[in-house]
Amino acid sequence: MTSTPLAADLARVTEQLGREPRGVVAIAYRTPDGEPAVITTSPRLPDGTPFPTLYYLTDPRLTAEASKLEVAHVMRWMTARLGEDEELAADYRAAHKHYLDTRNAMEDLGTTFSGGGMPDRVKCLHVLIAYALAEGPKRVRLGTEAVALAAWHDESLRGTAIPEDWPTVEQLGIDPTPFDFIHAEA
């Protein structure tokens, strides 16, 4: 549920990021334990710089896990599936369109760049996790899968940083065992 950021939220996001956030218009997702975790940013920063990233992941637990998933080659696996599964590719294109439509409703930057590599490849799991958490598990399948993989890899996230009822890897039909988490932990 999106909420207007309070001064305490912005202070907490500043702590999470280690810098002052720019262009925050909403808290797009708050963790079950109450932390702001995804912010909605303005398409244009206060200084006028275009900023096409609509949803920005801030919770350090989730950003660390997104990085671990990237190192474990989850993005490569997801991108390969986009080329093989037309239904998945169509879902990703629809998520891209929705992302653009949502951002453009705030301010149209005149670009078709959304985020995370959409609509053709998976380039950033931080963006996909933020998007899925902000919009819920039915909006972007690959983001939903990334959140489920994060909860599988670090079980302590479920019910604290990730909703307890988020779909599991088992429910989504994902076998996470081939991913290289050994190097992700280094």
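- By the 4.5 Å heavy-atom criterion applied to side chains, Val25 and Thr41 are not counted as neighbours.
- Identified under the ring pair (Phe, Tyr, Trp, His ring centres under 6.0 Å) test for residues 80-101, with sequence neighbours left out: Tyr99-Tyr131.
- Glu164 has its side chain out of reach of Pro32: every pair of non-hydrogen atoms, C-beta onward, lies at least 4.5 Å apart.
- Expressed to the nearest 0.5 Å, how far CG of Leu17 lies from OH of Tyr56 amounts to 6.0 Å.
- With values rounded to the nearest 0.5 angstrom, Leu82 atom CG is found 5.0 Å from Leu88 atom CG.
- Taken from CG in Leu172 to CH2 in Trp166, the straight-line distance is 9.5 Å, to the nearest 0.5 Å.
- Across all non-hydrogen atoms, the minimal contact from Ala26 to Pro5 is CA-CD, 3.6 Å.
- The shortest side-chain heavy-atom distance between Leu100 and Leu54 does not fall under the 4.5 Å cut-off.
- Remark: Arg76 pairs with His73 by the side-chain contact (heavy atoms from CB on, under 4.5 Å) rule, at least two apart or across chains.
- One finds the CD atom of Glu15 at 11.5 Å from the CG atom of Leu10 (value rounded to the nearest 0.5 Å).
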### Task
Would you sort out whether Ser114 and Lys97 count as a side-chain contact (heavy atoms from CB on, under 4.5 Å), showing the intermediate values?
CA-CA 8 Å; Ser114 57; Lys97 182 181 181 323; over 6 Å; no
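- Checked by atom type and distance alone, the side chain of Thr53 never pairs as donor or acceptor with a backbone atom of Tyr55 at under 3.5 Å.
- For Gln171, the CD atom counts as densely surrounded, since its 6.0 Å shell holds more than 12 non-hydrogen atoms of other residues, nucleotides or ligands.
- Residue Arg30 holds its CZ atom at 4.5 Å from OG of Ser3, rounded to the nearest 0.5 Å.
- The pair Glu107-Arg44 counts as a salt bridge, with a side-chain nitrogen and a carboxylate oxygen less than 4.0 angstrom apart.
- Note: the hydrophobic cluster containing Tyr29 also contains Met106 (ILVMFWY, side chain heavy atoms under 4.5 Å, direct or indirect links).
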### Task
Let me see the working for Ile174 and Thr168 under side-chain contact (heavy atoms from CB on, under 4.5 Å), right down to the final yes or no.
CA-CA 9 Å; Ile174 299 169; Thr168 65; over 6 Å; no
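- Considering all non-hydrogen atoms of both residues, Arg158 and Ala151 come closest at NH2-CB, 3.5 Å.
- Scored by the side chain to side chain donor-acceptor pair (under 3.5 Å) test, Arg121 finds no partners at all (sequence neighbours excluded).
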### Step-by-step side-chain contact (heavy atoms from CB on, under 4.5 Å) determination, Leu142 to Val122
CA-CA 9 Å; Leu142 292 177; Val122 178; 3.6 Å; yes
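- With respect to Arg12 and Glu35, a salt bridge is recorded, a charged nitrogen being found less than 4.0 Å from a carboxylate O.
- For the pair Pro137 and Val147, the minimum side-chain heavy-atom distance is 4.5 Å or more.
- Between Asp180 and Lys68 no salt bridge is recorded (no basic side-chain N to carboxylate O distance below 4.0 Å).
- One finds the CE atom of Met118 at 11.0 Å from the NZ atom of Lys123 (value rounded to the nearest 0.5 Å).
- Evaluation of the side-chain contact (heavy atoms from CB on, under 4.5 Å) rule for Thr49 yields Leu45, Asp47 as partners, not counting sequence neighbours.
- Val38 and Leu6 end up in different hydrophobic clusters when Ile, Leu, Val, Met, Phe, Trp and Tyr side chains are linked at under 4.5 Å.
- Residues Leu109 and Val127 are members of separate hydrophobic clusters, defined by side-chain heavy-atom contacts under 4.5 angstrom among Ile, Leu, Val, Met, Phe, Trp and Tyr.
- Listed here is the closest heavy atom pair of Asp33 and Arg61: OD2-NH1, 2.6 Å.
- The shortest heavy-atom contact between Ile129 and Ala66 is CD1-CB, 3.8 Å.
- At least one side-chain heavy atom of Ile39 sits under 4.5 Å from a side-chain heavy atom of Ile27.
- Between Met75 and Leu125, the shortest heavy-atom distance links the atoms CG-CG, 3.6 Å.
- Residues satisfying the ring-ring contact (aromatic ring centres under 6.0 Å, His included) criterion with Trp152, sequence neighbours excluded, are Phe181.
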### Task
In sequence, state the C-alpha distance, the side-chain angles, and the governing distance for Thr58 and Gln16, and then conclude on side-chain hydrogen bond (donor to acceptor under 3.5 Å, both in side chains).
CA-CA 6 Å; Thr58 65; Gln16 291 173 335; 2.8 Å; yes
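- When side chains are defined from C-beta on, Phe51 does not count as touching Ser42, because their heavy atoms never get closer than 4.5 Å.
- Closest heavy-atom contact between Ala150 and Leu157: O-CD1, 3.7 Å.
- In this structure, the side chain of Arg103 does not engage the main chain of Asp108 through any donor-acceptor pair within 3.5 Å.
- The shortest side-chain heavy-atom distance between Pro36 and Asp59 does not fall under the 4.5 Å cut-off.
- Applying the salt bridge (charged side-chain N to carboxylate O under 4.0 Å, His left out) rule to pairs touching residues 127-155 yields Arg81-Glu145, Glu135-Arg139, Arg141-Glu145, sequence neighbours excluded.
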